[in-house]
Number of protein chains: 2
Amino acid sequence: MSASDRLIESTRELLWERGYVGTSPRAIQQRAGAGQGSMYHHFSGKPDLALAAIGRTAEEMRAGVEEILGGPGTAVERVSAYLRREREVLRGCPIGRLTQDPEVMADPALRRPVEETFGWLRDRLAAVLAEGRDRGEFDACLDPARTAATVVAVLQGGYVLARAAGSPEPFHEAADGVLALLSRA
Amino acid sequence: MSASDRLIESTRELLWERGYVGTSPRAIQQRAGAGQGSMYHHFSGKPDLALAAIGRTAEEMRAGVEEILGGPGTAVERVSAYLRREREVLRGCPIGRLTQDPEVMADPALRRPVEETFGWLRDRLAAVLAEGRDRGEFDACLDPARTAATVVAVLQGGYVLARAAGSPEPFHEAADGVLALLSRA
DNA sequence: GTCTATAGCTCGATAGAC
DNA sequence: GTCTATCGAGCTATAGAC
């Protein structure tokens, strides 16, 4: 693993744990076992490094989601698999947490991957739900786009509840709740 | 308005906008129009000031929610009023955003009001939903606690989606989505 | 490509005058 | 109760040797 890669991985971890404002170049270097010279040789500064880290995380997330939503099963089964997928709930969502960071949202380059990831996710879920509705899994009046937004929101909000409670339980409760509503729709 | 009050109000605003890590005593003082001496006379430091600010915000939020959930109307009407209540969606939730702050969650004193507020909110919503179920508004197999978690999660996640999109629209979509599911449950 | 040294700044907090 | 002066530490970044 090259120094550049180690720096990106360290940045990913720290952005996830502490956010952009709470992450210093110094901390990144120490976790990566690299010096300042190395970091500023490969990247122009903190924003540049963050961009590489966020891009990699967004890519990974899309691939992971696509593996489930593009897989076999009914719409309900796939949405259920997505919501119940194994997760380190208390760590939260590495992309979602960036929306709380004013400096990330103020920088168009850093903000774009966040916006695009959630846009893609909502569209992808809406397609699965529309497929299920057309196959008669749901009531014909179910609105795919709206319901997709609800499902993604339950996930993101579930992380918030779990962190507030200091326990993964509310996350799973919220997910089970929306699945119960969905399977009777 | 006393200097102490101005300091608390400034802290509330800054915690909402920038989080705990992103908020400096210096910035608080400047927004409050107070000097360092004043701040450190009234408060022992940043954590003490944050505690006062968070406590006040939590109290305000509970009062606002109780006004709606304790008001007249069916369960669906009250939950709907809560979700559709006028909000500055893009600012997010002043309590929910604190869950993303590692230093807040690491300090038991700062964390307690966050944990308690969400605990209370879920219980309060569960009570409203149980009432509705017992009155025959919902299917008898609706789980109040689970569904309450879902509703709160939709709200918190709705803020995340809205901020990611740079528009309040996904928030309202997610809220409408869960209300549509709920009114057919 | 990586190192050390250093810059100018802000951080959170304390001291002591008034 | 509020002011100014100051502290030691960490921040992001640059310079220049190797």
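For clarity, every value in this text was computed on a predicted model and none was experimentally measured. We name chains A, B, ... by the order of the sequence lines, and we start the count at 1 in each one.
Atom CG of A:Asp107 is separated from atom P of D:dT12 by 15 Å (rounded to the nearest Å). The CG atom of A:Asp48 sits 12 Å away from the P atom of D:dT14 (whole-angstrom rounding). Taking atom CD on A:Gln29 and atom P on C:dT4, their separation rounds to 11 Å, with Å as the unit. Rounded to an integer number of Å, the gap from CD1 of A:Ile28 to P of C:dT2 is 16 Å. For the pair A:Arg26 CZ and C:dC11 C1', the interatomic distance rounds to 14 Å; values are reported in whole Å. Distance, B:Arg18 CZ to C:dC11 C1': 13 Å, rounded to whole Å. Here D:dG10 presents its C1' atom at 15 Å from CG of A:Leu14, a figure rounded to the nearest Å. Atom P of nucleotide C:dG12 and atom CD of B:Glu103 are separated by 9 Å, given to the nearest angstrom.
Regarding contacts with the backbone of C:dC3, every side-chain N or O of A:His41 stays at 4.0 angstrom or more from both OP1 and OP2. Of the side-chain N and O atoms in A:Ser24, one or more sit less than 4.0 angstrom from OP1 or OP2 of D:dC11. OP1 or OP2 of C:dG1 has not a single side-chain nitrogen or oxygen of A:Ser38 nearer than 4.0 Å.
Looking at the side chain of B:Gln36, the nearest of the listed nucleotides D:dT12, C:dA13, D:dT2 is C:dA13. Minimum atom distance to the side chain of B:His42 is reached by D:dG1, of the listed C:dG12, D:dG1, D:dC11. With C:dT2, D:dC11, C:dA13 as the candidates, the nucleotide lying closest to the side chain of B:Tyr40 is C:dA13.
A cation-pi contact, defined as under 6.0 Å to the ring centre and within 45° of the axis, links B:Arg87 to B:Tyr82.
For A:Thr99 (side chain) and A:Ile95 (main-chain N/O), no donor-acceptor pair under 3.5 Å exists by modelled atom type.
Within a 6.0 Å radius of CZ in B:Arg85, more than 12 heavy atoms belonging to other residues, nucleotides or ligands are found. B:Glu131 CD: more than 12 foreign heavy atoms inside a 6.0 Å radius.
Between the NZ atom in B:Lys46 and the CD1 atom in B:Ile28 there is a gap of 7.0 Å [rounded to 0.5 Å].
Within 4.0 Å (heavy atoms only), B:Thr23 reaches sugar-phosphate atoms of the nucleic acid but no base atom.
When each of B:Arg6 and A:Val21 is assigned the nucleotide of DNA chain D bearing its nearest heavy atom, the one mapping closer to the 5' terminus is B:Arg6.
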